[in-house]
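Everything on this sheet refers to the single structure shown next.
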There are 2 protein chains.
Amino acid sequence: MKSLSDNIEDYIKSLLEANSTIKIQRNKLADKFKCVPSQINYVLKTRFSVERGYIIESYRGGNGYIKITKLSLDINQNLINRLYNIIGNYINQKQSFSIIERLFEEDIISFSEKSLLKTMVNRDSIGLSLPARDKVRARLLKNVLETLLREKG
Amino acid sequence: MKSLSDNIEDYIKSLLEANSTIKIQRNKLADKFKCVPSQINYVLKTRFSVERGYIIESYRGGNGYIKITKLSLDINQNLINRLYNIIGNYINQKQSFSIIERLFEEDIISFSEKSLLKTMVNRDSIGLSLPARDKVRARLLKNVLETLLREKG
DNA sequence: TAGATAAAGGTCAGAGTAGGTCAGAAAAGT
DNA sequence: ACTTTTCTGACCTACTCTGACCTTTATCTA
């Protein structure tokens, strides 16, 4: 059974299949899914983040809207560099999962590579307590991106 | 006389006969057997471990679930299991490289997966000093082997 | 035209829902 | 009696959803 958030996510993605940029109205969408408007913000925040390759812009006031753009980077090297720069000295599990998911969606890594990487940056695998864990994760992931640049760049 | 745990075990196994992957809800199941939810975790831990050929994944929050996968053990999986058991609580870089190399030679992982894994268990990627580094590496690698069991099973 | 009102969207705390962990009590073996 | 296994409950963590309150922009009206 899919959650409300999952359904809204699916709906937005289906819109993005026809067009890489779409405009939605928050209240209308909330109405369609019979939920509170801020639910839409929650979905955008958790599923359409920059790490996942989306840009969100919005405009308030009368005739306001939310614009969602799916970035499609043609040159992988650029994407890898960008992702690399998103990672600072620390990164949490959620963000790192988003980055790995992105690499998969852009065909830079295979499905099983995705699984392996997620396993590697998983908090239980690293097994340290914070903040050491987030620091190790950042290093692991940065090194992986470097390897990917060498291999697939 | 069968214990509660035995009964829950039997029930889960009967579900797994129809499908090698099932999703359950912890609270519902606990309800069905009139026990506390953590009893389910106990059963999963004692009867559905990796060593016994099962993989457990779960998701919290609304619409949360526990996913149980039964692995069909074949030759590769036996190898993976053996490698798994070789790894203790600590493993150094050299040993881990030979395990990864072995996985590659047995066609369990691809060339690029090999590169990624080596990057991950590399001492610079982990970046800690000994013995913490070898401990983290052991955990990482064990979890990777579990993932491989799930993926390539 | 300034000020009021309406019409968007944004933020954040907290309730709700679901699973995880761990120590210790209880029961079952030996 | 002692050891191992089972079972429970208290407390923890993760994800979802709502509602109250806030900001921005457009439009209407005195």
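Just so it is clear: chains get the letters A, B, ... in the order the sequence lines come, proteins before strands, and each one is counted from 1. All values below were derived from every heavy atom in this structure, side-chain atoms included, with hydrogens, water molecules and symmetry-related copies excluded.
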Taking only N/O atoms, report every protein-nucleotides 25-30 of chain C pair under 3.5 Å with atom names and distance.
none

Q) Among side-chain atoms of Asn122(B) and Thr119(B), is any donor-acceptor pair under 3.5 angstrom? A)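 No, because no side-chain N or O of Asn122(B) sits under 3.5 Å from a partner of the opposite role on Thr119(B).
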
Q. Is there a donor in the side chain of Glu146(B) and an acceptor in the side chain of Tyr84(B), or the other way round, less than 3.5 Å apart?
A.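 Result is yes, a qualifying pair exists.
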
Mind calculating the distance between [atom1] ([X]) and [atom2] ([N]) to the nearest angstrom?
| X | N | atom1 | atom2 | result |
| --- | --- | --- | --- | --- |
| Glu9(B) | dT5(D) | CD | P | 14 Å |
| Asp6(B) | dC7(D) | CG | C1' | 13 Å |
| Lys67(B) | dA18(C) | NZ | C1' | 17 Å |
| Ile40(B) | dA18(C) | CD1 | C1' | 13 Å |
| Asp124(A) | dA14(D) | CG | C1' | 12 Å |
| Gln39(A) | dA20(D) | CD | C1' | 16 Å |
| Lys45(A) | dT11(C) | NZ | C1' | 9 Å |
| Lys2(B) | dT5(D) | NZ | P | 18 Å |

Can you list, in residue-number order, the parts of [range] that come under 4.0 Å of DNA chain D, counting heavy atoms only?
| range | result |
| --- | --- |
| residues 57-65 of chain A | Tyr59(A), Arg60(A), Gly61(A), Gly62(A) |
| residues 87-97 of chain A | none |
| residues 20-32 of chain B | none |

Q. Do you know the tightest heavy-atom contact between Glu113(A) and Ile108(A)?
A.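 Nearest heavy atoms, Glu113(A) then Ile108(A): OE1-O, 4.4 Å.
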
**Q.** Shortest non-hydrogen contact between Ser96(B) and Arg137(B), atoms and distance
**A.**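 Closest heavy-atom pair between Ser96(B) and Arg137(B): OG-CD, 3.4 Å.
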
Q.
Any non-hydrogen side-chain atom of Thr21(A) less than 4.5 Å from a side-chain atom of Ile68(A)?
A.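 Sidechains of Ile68(A) and Thr21(A): no contact.
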
Q: Identify, with sequence neighbours excluded, every residue that meets side-chain hydrogen bond (donor to acceptor under 3.5 Å, both in side chains) alongside Ser98(B).
A: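 side-chain hydrogen bond (donor to acceptor under 3.5 Å, both in side chains) check on Ser98(B) returns nothing, list empty.
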
(Q) Between Tyr42(B) and dC7(D), is there a contact of a side-chain N or O with OP1 or OP2 at under 4.0 Å? (A)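 Negative; the distance criterion is not met.
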
Q: Apply ring pair (Phe, Tyr, Trp, His ring centres under 6.0 Å) to Tyr42(A) and list each qualifying residue two or more places apart in sequence or on a separate chain.
A: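 Partners of Tyr42(A) by the ring pair (Phe, Tyr, Trp, His ring centres under 6.0 Å) criterion come out as none, since no residue qualifies.
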
Q: Quick one: do Phe48(A) and Glu9(A) satisfy side chain to side chain contact (heavy atoms under 4.5 Å, CB included)? Show the steps, please.
A: CA-CA 8 Å; Phe48(A) 294 89; Glu9(A) 176 187 6; 4.1 Å; yes

**Q.** Sidechain N-carboxylate O distance under 4.0 Å for Lys2(A), Asp10(A)
**A.**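 Salt bridge flag = yes for Asp10(A) with Lys2(A).
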
Q: Determine, for Glu106(B) against Arg102(B), whether the closest basic-nitrogen to carboxylate-oxygen distance falls under 4.0 angstrom.
A: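 Salt bridge present between Glu106(B) and Arg102(B).
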
Q: With DNA chain D as reference, determine whether Arg123(A) or Leu4(B) sits nearer its 5' end, using the nearest nucleotide of each.
A: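 The 5'-side residue here is Leu4(B).
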
Q. Contact class for Ser38(A) vs. all strands (heavy atom < 4.0 Å): base, sugar-phosphate, or nothing?
A.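 Base, at least one base atom sits under 4.0 Å.
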
**Q.** Whether Phe111(A) and Phe104(A) hold their rings parallel, tilted or perpendicular, with breakpoints at 30° and 60°
**A.**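 Plane angle over 60°, so perpendicular.
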
Q) With respect to Glu101(A), which candidate in Lys118(A), Lys94(A), Arg52(A), Arg47(A) satisfies the salt bridge (Lys or Arg N to Asp or Glu O under 4.0 Å) definition? A)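 Of all the options given, the one that passes is Lys118(A).
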
Q) Hey, does the Lys NZ or Arg CZ of Lys67(B) hover above the aromatic six-ring of Tyr59(B), less than 6.0 Å from the centre and inside 45° of the axis? A)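 Judged by the rule, Lys67(B) and Tyr59(B) form no cation-pi pair.
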
Q: Evaluate the criterion side chain to side chain donor-acceptor pair (under 3.5 Å) for residue pair Ser38(B) and Asn41(B); output intermediate values, then yes/no.
A: CA-CA 5 Å; Ser38(B) 58; Asn41(B) 297 84; 5.7 Å; no

Q: Among the candidates dT6(D), dG10(C), dT16(D), find the nucleotide nearest to the side-chain atoms of Ser5(B).
A: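 Nearest to the side chain of Ser5(B) among the choices is dT6(D).
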
